[in-house]
Amino acid sequence: MAELVRTNDPALLSAIEGLLTAGQIPHHVADRHASSLDGLIEVIKQRVLVPDEWEAEARVLLIDADLGEWLRH
């Protein structure tokens, strides 16, 4: 699995999940529950993961949606 984005911003996560779903790109948000347990200190961020074979297409999709600044390198 390739990590695309790491954030706790609910609006950003929702937008990314919507784009990936619409693009029929399989994805998983890891650490969703762990990040909610740590409260306001935000030690654990949620990670948007896609299968390795979908990484390039997912990155292009997010860049085209002007979300490229959030991509992990």
Side-chain angles (χ1 to χ4, degrees):
M1 296 289 274
E3 181 180 338
L4 293 180
V5 175
R6 187 180 292 192
T7 184
N8 280 336
D9 182 331
L12 178 60
L13 286 167
S14 179
I16 291 171
E17 285 188 278
L19 286 167
L20 294 173
T21 299
Q24 298 182 338
I25 297 174
H27 61 281
H28 174 72
V29 178
D31 303 321
R32 187 182 304 258
H33 300 293
S35 69
S36 64
L37 294 176
D38 78 31
L40 298 175
I41 58 174
E42 293 192 20
V43 171
I44 301 172
K45 296 200 183 265
Q46 298 176 64
R47 298 174 294 134
V48 179
L49 307 172
V50 297
D52 292 332
E53 61 270 18
W54 288 91
E55 180 181 8
E57 187 174 342
R59 286 182 175 278
V60 168
L61 183 69
L62 295 182
I63 290 168
D64 288 348
D66 290 330
L67 296 175
E69 68 186 87
W70 296 99
L71 288 170
R72 306 236 344 142
H73 300 282

Could you give the distance from [atom1] ([X]) to [atom2] ([Y]), rounded to the nearest 0.5 Å?
{"X": "Gln46", "Y": "Leu13", "atom1": "CD", "atom2": "CG", "value": "5.0 Å"}
{"X": "Asp9", "Y": "Lys45", "atom1": "CG", "atom2": "NZ", "value": "9.5 Å"}
{"X": "Leu12", "Y": "Leu67", "atom1": "CG", "atom2": "CG", "value": "6.0 Å"}
{"X": "His28", "Y": "Glu17", "atom1": "NE2", "atom2": "CD", "value": "10.0 Å"}
{"X": "Arg6", "Y": "Ile44", "atom1": "CZ", "atom2": "CD1", "value": "10.5 Å"}
{"X": "Arg47", "Y": "His27", "atom1": "CZ", "atom2": "NE2", "value": "14.5 Å"}

Are [X] and [Y] grouped together when hydrophobic residues (ILVMFWY) are joined by side-chain heavy atoms under 4.5 angstrom apart?
{"X": "Trp54", "Y": "Val5", "answer": "yes"}
{"X": "Ile25", "Y": "Trp70", "answer": "yes"}
{"X": "Leu61", "Y": "Ile63", "answer": "yes"}

Practice prompt. Tell me, with the steps shown, if Val50 and Met1 meet side-chain contact (heavy atoms from CB on, under 4.5 Å).
Written response: CA-CA 5 Å; Val50 297; Met1 296 289 274; 5.7 Å; no
Discussion item. Before you tell me yes or no, could you show the steps for Thr7 and Val48 under side-chain contact (heavy atoms from CB on, under 4.5 Å), namely the whole-Å CA-CA distance, both residues' side-chain angles and the distance that decides it to 0.1 Å?
Written reply: CA-CA 8 Å; Thr7 184; Val48 179; 5.9 Å; no
Response to the item:
Smallest heavy-atom separation, Ala2 atom then Asp52 atom, equals N-OD1, 3.3 Å
Worksheet item: If you take all heavy atoms of Pro51 and Pro26, which pair is closest and at what distance?
Response: CD-O, 3.2 Å
Practice prompt. Start with the C-alpha distance between Asp64 and Leu19, add both sets of side-chain angles, then the distance that settles side-chain contact (heavy atoms from CB on, under 4.5 Å), and finish with yes or no.
Written response: CA-CA 10 Å; Asp64 288 348; Leu19 286 167; over 6 Å; no
Worksheet entry | Residue list, side-chain hydrogen bond (donor to acceptor under 3.5 Å, both in side chains) with Glu57, at least two apart or on another chain | none
Discussion item. Go through it in stages, so that I can follow the logic: the residues are Arg72 and Leu4, the test is side-chain contact (heavy atoms from CB on, under 4.5 Å), and I'd like the CA-CA distance, side-chain angles, deciding distance and then a yes or no.
Written reply: CA-CA 5 Å; Arg72 306 236 344 142; Leu4 293 180; over 6 Å; no
Discussion item. For Glu53, I'd like to know if atom CD has over 12 heavy atoms of other residues, nucleotides or ligands within 6.0 Å.
Written reply: yes
